[in-house]
Amino acid sequence: MLHGLSRLIPAITAHGLDEAAVYRRPALYHRKRTGRVPAGPLLCPICNGSAARFLTFGLGGRRNAQCPHCGSLERHRFLWLYLRERTPFFRRRLRVLHTAPEECLEPRLRGLHGRGYVSLDRFSPLADVNADLTDLPFPAGSFDVVLSSHVLEHVPDDRRALREIARVLKPSGWAVLLFPYDPRQPTQEDPAMDTPSKRLEAYGHPYHYRIYGRDTAARLSDEGLTGRCVDSRLLLTPHRRRRHRINRNFLFLSHPSTGHTDP
Ligand SMILES: [Zn+2]
């Protein structure tokens with residue numbers, strides 16, 4: 001998760017900066033200090049911080065999105081609650097691969113799984129391993145869990161990345177995958193969107209290659225993964241979504257097609 005990308009958008013679109021040129025900047029991985037926010041009815045389930053309001057975040061300026069204490073966004077809080085309440089993630093030591101580790105989650109997940117936890121990123125200096133999701137430096141069957149939140153839409157050949165996720169999972173393993181997803185339409189993807197400014201226009205972000213759609217489960221299945229979509233509205237009551245500030249969000253629970261048992 002990056003901080004301050006919006007400030008770079010004019011330079012990115014004017015000069016066509018590629019992702020590596022931007023994402024290798026260490027400053028993007030360090031959250032700016034925020035002013036004090038008074039306590040209030042909102043509660044972040046990750047850090048247990050209370051707040052009267054959350055902070056605005058994102059290229060579109062989403063209001064009440066970011067926890068002022070730990071920096072979590074809606075999708076991080078959704079993922080956290082899902083892992084805690086619907087999987088054995090908090091009850092068992094597991095071998096976990098966490099891609100593009102978010103700073104609000106990374107130390108907490110590492111604390112849960114100790115040496116079984118590995119973080120991976122293409123560019124971030126904060127990750128344990130710098131590698132590409134399409135070419136993972138791990139033997140087959142290395143992990144119980146792969147967490148990949150808002151990474152696959154940045155990967156031009158996401159099908160190859162999905163095959164790699166299926167490969168490094170144990171047969172009994174599972175992955176939680178999040179990405180921009182719109183179930184009302186098929187996946188939006190066009191090779192003609194070949195510059196940061198075209199992609200910003202088409203997908204709302206200079207380094208996104210698609211918006212996943214209702215064919216996502218079939219896409220996962222093509223590459224050796226099952227895919228069950230979980231909707232935040234079905235997982236959490238309206239009261240909890242308001243209290244934790246979780247918007248309409250989706251995740252996919254996936255297993256290698258050859259193994260698959262629910263976690
Ligand atoms: Zn928090």
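Applying the ring pair (Phe, Tyr, Trp, His ring centres under 6.0 Å) test to Phe250 and every residue at least two apart in sequence or in another chain returns Tyr181. Residues forming a side-chain contact (heavy atoms from CB on, under 4.5 Å) with Leu83 (at least two apart in sequence, or on another chain): Leu79, Thr87, Phe89, Phe90, Leu147, Trp174, Val176. Scanning for side-chain contact (heavy atoms from CB on, under 4.5 Å) contacts around Arg233 gives Asp231, Arg241, Arg248, with sequence neighbours left out. Applying the ring pair (Phe, Tyr, Trp, His ring centres under 6.0 Å) test to His205 and every residue at least two apart in sequence or in another chain returns His154, His208. Applying the ring pair (Phe, Tyr, Trp, His ring centres under 6.0 Å) test to Tyr117 and every residue at least two apart in sequence or in another chain returns His98. Evaluation of the ring pair (Phe, Tyr, Trp, His ring centres under 6.0 Å) rule for Phe78 yields no partner, not counting sequence neighbours.
In the hydrophobic clustering (ILVMFWY side chains linked at under 4.5 Å, chained through shared members), Tyr209 stands by itself. Through chains of ILVMFWY side-chain contacts below 4.5 Å, Leu42 is grouped with Phe54. Grouped by direct or indirect side-chain proximity (heavy atoms under 4.5 Å, Ile/Leu/Val/Met/Phe/Trp/Tyr only), Ile211 sits with Met193, Tyr203.
For the side chain to side chain donor-acceptor pair (under 3.5 Å) condition, the pairs that include at least one residue of residues 133-143, sequence neighbours left out, are Asp132-Thr134. Under the side chain to side chain donor-acceptor pair (under 3.5 Å) criterion, the residue pairs touching residues 43-65 are Arg62-Glu74, with sequence neighbours excluded. Pairs of residues two or more places apart, or lying in two chains, that qualify as salt bridge (Lys or Arg N to Asp or Glu O under 4.0 Å) and include a residue from residues 193-213 are Asp158-Arg210, Glu189-Arg210, Asp194-Lys198.
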